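Working notes for the structure below.
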Amino acid sequence: MSVTAEISVEDFNPLKPEFFANPYPYYKLLRQHRALYVEALDSWWVGRLEDVRTMSNDVVNFSHAKFQEFGLGEFDFAPNVDQLVATDPPVHTRLRKLANQGFTPKRLKLLDGDIQERIAKLIDGAKSLPGRRFDFMHDFADLLPVSVVADLIGADPQRCPDYRYWTRSIMSASNRKTMTPEQHAEIRKSVADARAYFGSLIAHYKQNPAENIICDFITAQDNDDRLSDEEILALVILLMIGGDETTGHLMGNLLTQLTMNPDQYEILRADPSRIGDAIDESLRHWAPVQTAFMWTTNTVQIGDVSIPPDSTVVAVWGSANHDPDHYANPEKFDITRKKQGHMSFGSGPHFCVGNMLARQEATKAFRMFLEEMPHLRVEAPEDIEWFPSFWMRGPKSLPVVY
Ligand code: HEM
């Protein structure tokens with residue numbers, strides 16, 4: 001039996017709450033083995049940075065095609081079209097080329113004012129709560145990203161609670177095998193409601209062009225090629241899902257890391273222009289998205305491990321980011337670290353399309369917090385209730401004082 005500290009290969013079960021709370025000792029073991037078969041998830045996990053990077057870029061041997069079938073099954077929100085996250089080149093290349101016509105610096109720049117305004121309103125709301133304390137997730141980080149994506153796509157901001165409900169309900173389909181028929185009916189309804197609302201929004205903007213990303217998708221063109229209405233619908237729902245909890249977790253993680261490392265918080269307070277470095281270090285140290293799923297098309301070899309074709313393989317960004325062959329003292333949160341990049345937005349053709357938007361939101365939010373609440377801190381960082389997931393890392397709630 002192979003052992004790292006007190007953890008053995010038999011203990012490597014990503015469904016356990018101990019794993020959600022702190023996966024990093026498990027990742028140390030994973031990197032020793034390079035690849036491990038995890039029975040609980042019938043999948044092969046890969047943890048060294050070079051291996052994770054290689055598999056993400058090797059689209060011949062590692063496919064994304066089963067992504068929605070595996071994650072959502074019968075609850076896929078757009079089963080009749082190719083979807084960005086669930087295709088390989090050249091189909092993915094086509095979709096990404098058209099989708100990128102929405103994620104332009106101009107589109108993001110136009111969002112600047114809206115983001116600033118939303119942050120200011122949320123901070124005012126937090127200040128109005130008694131006792132100079134609030135819940136950073138519940139009162140801020142869970143609310144900002146969904147409203148920013150609503151602004152991005154031109155959706156009614158009043159209906160953000162609906163968007164959140166639908167996308168979270170759809171995402172819960174990853175646990176569909178252990179759910180009741182009533183829960184299945186709930187997800188089915190969320191899929192239908194999300195499709196109906198965003199479908200009518202697309203129809204509206206086809207008749208009434210405006211400044212938003214849906215209109216960019218409607219007019220996007222590559223020679224004679226354009227996105228169909230159903231492809232736009234799939235993209236819009238994907239943005240709602242991809243741009244919500246991920247960015248919220250980044251902000252919750254960063255505040256926790258700063259609270260737990262007062263010397264680093266002090267460096268940032270003294271020089272707020274370091275916020276970009278702090279965000280990147282937060283992403284490296286605690287990746288909000290810890291894993292990506294892929295499927296082997298052939299037998300592949302990772303170190304001594306031979307993985308058969310049609311196996312589920314998990315690229316563990318969170319482990320790659322702590323690879324000591326790449327980062328000195330990887331467990332330390334250090335915003336002055338020499339820039340070496342990280343894997344938290346993925347790698348290869350599926351590299352996160354929303355990475356600039358996530359940075360934009362977090363940068364503006366923390367700039368304003370540093371000005372308005374410079375002593376904002378998590379009340380009990382050691383007792384955080386973590387989001388119950390092996391693939392998402394972030395606090396479920398985060399009581400703070402300022
Ligand atoms: C801190 C915040 C975020 C993190 C950590 C994150 C992480 C990731 C990662 C790791 C991937 C690659 C997945 C893979 O290889 O299978 C990805 C892809 C993606 N992300 Fe993000 N993301 C964030 C924010 C956003 C935002 C704000 C949006 C949109 C509004 C977004 C939309 C997407 C989409 C659509 C893809 C799929 C791209 C493709 O398949 O070509 N993400 N993200």
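Quick caveat: nothing in here was measured; it's all calculated off a predicted structure. Atoms within a ligand are numbered from 1 in the order they appear, just like the ligands themselves.
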Could you list which atoms of ligand 1 come closer than 4.0 Å to a heavy atom of Arg96? 38 (C), 39 (C), 41 (O)
Does Arg377 make a cation-pi contact with Tyr265 (under 6.0 Å, within 45 degrees of the axis)? no
Just by modelled atom types, is the Glu186 backbone N or O under 3.5 Å from a matching donor or acceptor in the Ser190 side chain? yes
Identify whether the distance between the nearest side-chain nitrogen and carboxylate oxygen of Asp225 and Arg94 falls below 4.0 Å. yes
Could you tell me, atom by atom, which parts of ligand 1 come under 4.0 Å of a heavy atom of Leu238? 35 (C)
Test side-chain contact (heavy atoms from CB on, under 4.5 Å) applied to Thr363 - qualifying residues, sequence neighbours left out: Ile275, Ile279, Arg367
Atom 16 (O) of ligand 1: which of His249, His64, Met392, Met356 has the nearest heavy atom? His64
Atom CG of Leu238 and atom CD of Gln83: how far apart are they, to the nearest 0.5 Å? 7.0 Å
Is the Trp45 to Phe12 ring centre distance short of 6.0 Å? yes
Atom 21 (Fe) of ligand 1: protein N, O or S atoms [distance under 2.8 Å]: Cys352 SG
Donor-acceptor pair, His350 side chain versus Thr87 backbone, under 3.5 Å? yes
When you look at Asn321 and His285, which way does the side chain to side chain donor-acceptor pair (under 3.5 Å) test go after all the steps? CA-CA 7 Å; Asn321 283 341; His285 189 240; over 6 Å; no
Got an N/O contact under 3.5 Å between His350 and ligand 1? yes
What protein heavy atom sits nearest atom 37 (C) of ligand 1, and how far off is it? Val85 CG1, 3.5 Å
Heavy atoms only: which of Ala292, Ser347, Pro145, Ser344 lies closest to atom 10 (C) of ligand 1? Ser344
Salt bridge check, Lys28 against Glu331: does any charged N sit closer than 4.0 Å to a carboxylate O? no
Decide whether the shortest distance between a heavy atom of His92 and an atom of ligand 1 is less than 4.0 Å. yes
